[in-house]
Amino acid sequence: GNSTAAKLGSTPETLARAIRAIPIEFPAEFRLYFAGALAYYSEDFAGARQSWQELLALPENSRRQRSVWAEFMLAKTAQDPQEALLGFRSVRALAESGFQDRLGLAFASLGEEARIELYRNQNISRAMLLYAERHASSPDNETLASLRWASAVALGADEGARNALI
């Protein structure tokens, strides 16, 4: 298992006990998100995804606080790159339509989507557009480094030359 799961001392039994300990008084979206997070950090990715999908199946007015978070984690844990891309786009759509995004996951989703386009799909131009959109919304050094890296890839630079740019 991973070190996080080991640090938590998680087993299927302790995970089930922790999930059952979530107070029923908590709104469903919080219970479901937290259950998914517990499952995720215990490496039960199928259980985590199921909790987050259940959260997104709640009526919209019952999931205003954690929909963006759940969609982001579903995209991040997707096995299929196309599913991940659609999920990261959905993160931004949810945030744009008024769902809470206190963690800035819509912004983060641009970089996640760009990485998939660059490394899995070899779609350099799409990756550069996403990095540029991210930089335009909130300039930062990480995004500049990603743009330089993608530019070097586009120009066919070897790994040493790419590393010199960041």
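- Within a 6.0 Å sphere centred on CZ of F26, other residues, nucleotides and ligands contribute 12 heavy atoms or fewer.
- Contact of the F107 side chain with the S137 side chain is registered, since non-hydrogen atoms from C-beta on lie closer than 4.5 Å.
- The cluster map of Ile, Leu, Val, Met, Phe, Trp and Tyr, joined by side-chain heavy atoms under 4.5 Å apart, puts I124 and L130 in different clusters.
- Under 3.5 Å, the side chains of R102 and Q65 contain a donor-acceptor pair of N or O atoms.
- By the 4.5 Å heavy-atom criterion applied to side chains, I22 and F30 are not counted as neighbours.
- L56 and V91 fall within the same hydrophobic cluster, where Ile, Leu, Val, Met, Phe, Trp and Tyr residues are linked whenever their side-chain heavy atoms come under 4.5 Å apart, directly or through other members.
- Residues passing the side chain to side chain donor-acceptor pair (under 3.5 Å) test with R63, sequence neighbours excluded: S67.
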- Message: I'd like to know whether Q100 forms a side chain to side chain contact (heavy atoms under 4.5 Å, CB included) with W69, so could you lay out the CA-CA distance, the side-chain angles of the two residues, the decisive distance to 0.1 Å, and finally the verdict.
- Response: CA-CA 9 Å; Q100 293 295 315; W69 296 19; over 6 Å; no

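- Using a 30° and 60° split on the angle between ring planes, W52 and Y40 fall in the tilted class, from 30° to 60°.
- Nearest approach of A48 to A39, heavy atoms of both residues: N-CB, 3.5 Å.
- Checked against salt bridge (charged side-chain N to carboxylate O under 4.0 Å, His left out), E113 has the following partners two or more places apart in sequence or in another chain: R89, R92, R126.
- For the residue pair Q50 and E54, a side-chain donor N or O sits within less than 3.5 Å of a side-chain acceptor on the partner.
- Taking every heavy atom of both residues into account, M128 and A150 meet most closely at CG-CB, 3.6 Å.
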